[in-house]
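Take a look at the structure below.
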Amino acid sequence: MSSFPIQIQLRESRTDVDASLLDGMAPQDLLVVESEWSAERSLVVQELLRNGVDRAKWPQSVHWNWAKKAPMLGMLESSGFGLVCENRWQGVMMTKTASAFARLAADKGKPLVYLDFLEVAPWNWAIPELGRSGRFRLIGSTLFWRAVQQSNEEGFHGRVGLHALPQAESFYEQGCGMTALGRDAAKQNLLYFELSRQSAERYLQTGDNT
Amino acid sequence: MANKRTMTLNLTDAEMDALEKLSERKDLSKTAVLRQALRLYQAVDARIERGEKLFFEDEAKKEKAEVMVL
C-alpha cells in the first residue's frame with residue numbers, strides 16, 4: 001500500500017487537518033474498515049429509529065458492508081483507495097478499470113474508471129435530523145479526485161463513470177461536473193453519471209467543476 | 001503504483017493488426033489494451049467459475065446470446 005499526504009478539514013471549524021490518501025488497499029484492510037465503522041453505523045441506526053426519522057432521509061449507504069466487498073479487491077480490475085486521519089479510516093473507495101466503457105458520445109466505447117463504491121465513515125455523515133454535522137469534510141471530493149487521477153494514470157484521460165445513490169446525485173453533478181445520462185434499469189434504476197475527458201481536465205486544474 | 005515486470009510477446013501479423021486497431025480505437029497504448037484484456041478475462045473467468053453465465057444482449061432486436069467462454 002502506498003501513502004500520499006493530503007489535508008482534509010474539520011467540518012465545524014473548517015480547520016485543515018493532515019491525513020493520508022492510501023492506494024492499493026488489500027481485502028484485509030476492508031475488514032478493518034468494517035470493524036471500525038459497524039459500531040458507529042449501528043449507533044446511527046438506533047438514533048434514527050429512536051427519533052422516528054423518515055426512512056427516506058436515512059443515509060442511503062447505511063446497509064453497506066465493506067467486509068462483503070473485500071473479495072472483489074482480489075481481482076486485477078478492482079482497486080481500493082482509502083483516507084486515514086486520526087488513525088482511523090475516514091473514507092473508502094473501490095474502482096474498476098476493465099468492465100465499463102464510456103457512454104458519452106465523444107468517447108463512446110472507450111475505457112474509463114468505474115467508481116463502484118465510495119463511502120465516508122459514519123461519524124462523518126451529515127444527518128441534520130439528528131443534529132449530526134459530521135466530523136470531517138472534503139473526504140468524498142478527495143477520493144473522487146483520486147479516481148480521476150487513476151483514470152489519467154491508466155491512460156483513460158480522466159474519464160470516470162458511476163451510478164449514484166439519489167442523495168449523492170447533486171454532489172457528482174454539481175460538485176464534480178459529471179454529466180447525468182439517465183437511469184439504469186440494470187442498476188436499481190440509479191442515475192448514471194460520467195465525467196468526460198474535458199470535464200476531467202477542468203476538474204484536475206481547479207478541483208471544482210461548479 | 002505496483003511493481004511491473006517485462007515480458008516478450010510473440011504475436012502473428014493478424015494478432016498484431018488486431019492489437020493495433022484496438023489500440024487506435026480505444027485510444028490506449030498496446031500494453032494498456034493487453035492489460036485491459038487480462039483484467040477482463042480474469043473477471044469473466046471468476047464469474048464463470050462461480051456458475052454465472054456471460055450474455056450479449058441486443059436491445060433493439062430483443063436478442064440475447066450466451067457467450068461460451070473457454
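Sequence lines set the chain letters: A, B, ... in the order given, protein chains first and strands last, and positions in each chain run from 1.
Counting only distance, with no hydrogens or angles, the side chain of B/K26 and the backbone of A/G109 share a donor-acceptor pair below 3.5 Å.
By the 4.0 Å N-to-carboxylate-O rule, A/E154 lies close enough to B/R39 to be salt-bridged with it.
Atom CZ of B/F56 sits in a sparse spot, with 12 or fewer heavy atoms from other residues, nucleotides or ligands closer than 6.0 Å. Counted within 6.0 Å of CD on B/E24, heavy atoms from surrounding residues, nucleotides or ligands total 12 or fewer; the atom is thus considered open. A 6.0 Å sphere centred on CG of B/D13 holds no more than 12 heavy atoms belonging to other residues, nucleotides or ligands. More than 12 heavy atoms of other residues, nucleotides or ligands lie within 6.0 Å of CD in B/E57, so this atom counts as buried by the packing criterion. Within 6.0 Å of CZ on A/R11 lie more than 12 heavy atoms contributed by other residues, nucleotides or ligands.
Between A/M75 and B/A46, the shortest heavy-atom distance links the atoms CE-CB, 3.6 Å. B/Q42 and A/G74 make their closest contact through NE2-O, 4.1 Å (heavy atoms, listed as atom of the first residue, atom of the second, distance).
A/H157 places a side-chain heavy atom less than 4.5 Å from the side chain of B/D27.
With respect to chain B, the highest number of heavy-atom pairs below 4.5 Å among A/G155, A/P111, A/S99 belongs to A/P111.
Rounding to the nearest 0.5 angstrom, the gap separating the CZ atom in B/R25 from the NZ atom in A/K110 is 10.0 Å.
Using a 4.5 Å cut-off between heavy atoms, B/L28 touches chain A through its side chain atoms alone.
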